[in-house]
**Student:** 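Take this structure, written in structure tokens, and hold onto it; I'll ask about it next.
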Amino acid sequence: MSLVVDLALPVAVYYGLRAGGVGQTAALCLSGVPPAVRVSYVFARTRRLDPIGGLVLLGLALGVLSAAIGGDPRTLLLRNALFGLPFAGWMLLSLRARRPLTYEIAVSLLPNRADAFERAWLEESWFRRVWRRITVLWAAGILVHVGASVVMVAALPVDAVPGLDTGLWFGMFVVLMVLTQVALFRSGATRAVFAGEPAEPPGERQPA
């Protein structure tokens, strides 16, 4: 549901407003309202703001600020595209932190498995390695998306960019999720979290 709200609804709002005669800049700003409402609702219910929710609100605030200080719609789209750069940088910097960002996001999405996550993290070095590699993977994917978005903003009509960019991000998201799940399964991390006990990676298992 959150994926639908954060990806599909903004596009629907943008093209709906454009069909109603709303200008491109205003439509771009207002298209960020649905995910902001979702994040605000989740925060009001749980009193907890996850990293992705914080980025959604920050992105909306920056979009409104960009429109307020001037700039044509293409400039606003470019600023939105480049917003992925600090997020990718945050991911890479988190490799030096106590826990990488993808690990923190996974725990926030599966709070009932938080103890299993933490036990595997503290006890298994391979478990820590796989989450660091996944973090690098997502940072690289985001950088690829940023580059493709910048090219689209520069080369395509403004009204074509929101839909195509959302489709690109959805495709990138699916690919990254599949690669993530394969990496977690093959490494034994999935079993470590959901079976409640550390699992040896395939290369380290001892014969019975």
**Student:** What about Met172 and Met152, same hydrophobic cluster or not, with Ile/Leu/Val/Met/Phe/Trp/Tyr joined at side-chain heavy-atom distances under 4.5 Å?
**Tutor:**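 Yes; tracing contacts between hydrophobic side chains, which count when under 4.5 Å, links both residues.
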**Student:** Please determine, by modelled atom types, if Asp159 and Tyr15 share a side-chain donor-acceptor pair under 3.5 angstrom.
**Tutor:**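 Judged by distance alone, the side chains do not pair up.
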**Student:** Please say yes or no: joined through hydrophobic side-chain contacts below 4.5 Å, possibly via intermediate residues, are Val150 and Leu156 part of one cluster?
**Tutor:** yes
**Student:** Could you measure the distance from the CE atom of Met91 to the CG atom of Leu143? Nearest 0.5 Å is fine.
**Tutor:** 10.0 Å
**Student:** Is any side-chain heavy atom of Leu28 less than 4.5 Å from a side-chain heavy atom of Pro73?
**Tutor:** yes
**Student:** Classify the ring geometry of Tyr103 against Phe127: parallel below 30°, tilted from 30° to 60°, perpendicular beyond 60°.
**Tutor:** perpendicular
**Student:** Are Val161 and Tyr14 close enough that some pair of their side-chain heavy atoms sits under 4.5 Å apart?
**Tutor:**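 No, every pair of side-chain atoms sits at 4.5 Å or beyond.
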**Student:** Under 4.5 Å between side-chain heavy atoms, counting indirect links through other Ile/Leu/Val/Met/Phe/Trp/Tyr residues: same cluster for Val136 and Val130 or not?
**Tutor:** no
**Student:** For a quick check under 3.5 Å, do Trp138 and Thr180 share a side-chain donor-acceptor pair by atom type?
**Tutor:**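 Their side chains do contain a donor-acceptor pair, which is all the 3.5 Å distance test asks for.
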**Student:** Identify the two heavy atoms, one from Leu9 and one from Pro34, that lie closest to each other, and give their separation to 0.1 Å.
**Tutor:** CB-CB, 3.9 Å
**Student:** From Thr102 OG1 over to Arg133 CZ, what is the distance, rounded to the nearest 0.5 angstrom?
**Tutor:**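 It comes to 13.0 Å.
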**Student:** Does any non-hydrogen side-chain atom of Val13 lie less than 4.5 Å from one of Val33?
**Tutor:** no
**Student:** Should Val151 and Leu168 be counted in the same cluster of Ile, Leu, Val, Met, Phe, Trp and Tyr side chains packed under 4.5 Å apart?
**Tutor:**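 They do not share one cluster, since no chain of ILVMFWY contacts under 4.5 Å joins Val151 to Leu168.
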**Student:** Are Trp126 and Arg129 side-chain neighbours, meaning at least one heavy-atom pair lies under 4.5 Å?
**Tutor:** yes
**Student:** Tell me the closest heavy-atom pair linking His145 and Asp165, and the distance in Å.
**Tutor:**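 Heavy atoms only, the tightest pair is NE2-OD1, 3.2 Å.
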**Student:** Ignoring hydrogens, what is the shortest heavy-atom contact between Arg132 and Leu95? Give both atom names and the distance.
**Tutor:** O-CD2, 3.6 Å
**Student:** Drop me the distance from Ile134's CD1 to Gln181's CD, to the nearest 0.5 angstrom.
**Tutor:**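 The distance works out to 8.0 Å.
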**Student:** Which pair of heavy atoms, one from Phe185 and one from Thr190, lies closest together, and at what distance?
**Tutor:** N-OG1, 3.4 Å
**Student:** Please check this pair: side chain of Arg113 against backbone of Val193, looking for a donor-acceptor N/O pair closer than 3.5 Å.
**Tutor:** yes
**Student:** I'd like to check Val153 versus Val158 (side-chain heavy atoms, cut-off strictly below 4.5 Å). Are they in contact?
**Tutor:** no
**Student:** Would you name the heavy atoms of Ala120 and Ala192 that are closest together and state the gap between them?
**Tutor:** CB-CB, 4.2 Å
**Student:** If you compare all heavy atoms of Leu122 against all heavy atoms of Arg99, which two are closest, and at what distance to 0.1 Å?
**Tutor:** CD2-NH2, 3.9 Å
**Student:** Say you draw a straight line from CE of Met177 to CG of Leu179; how long is it, rounded to the nearest 0.5 Å?
**Tutor:** 10.5 Å
**Student:** Phe194 vs Leu110, test: side chain to side chain contact (heavy atoms under 4.5 Å, CB included). Steps then yes/no.
**Tutor:** CA-CA 10 Å; Phe194 287 97; Leu110 297 168; 3.9 Å; yes
**Student:** Taking atom CG of Leu176 and atom CD1 of Ile142, what is their separation to the nearest 0.5 Å?
**Tutor:** 7.5 Å
**Student:** Transitively linked via ILVMFWY side-chain contacts under 4.5 Å: Leu93 with Leu101?
**Tutor:** no
**Student:** Mind checking the OG1-CG spacing from Thr25 to Leu77? Nearest 0.5 Å is all I need.
**Tutor:**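 So the gap between those two atoms works out to 8.5 Å.
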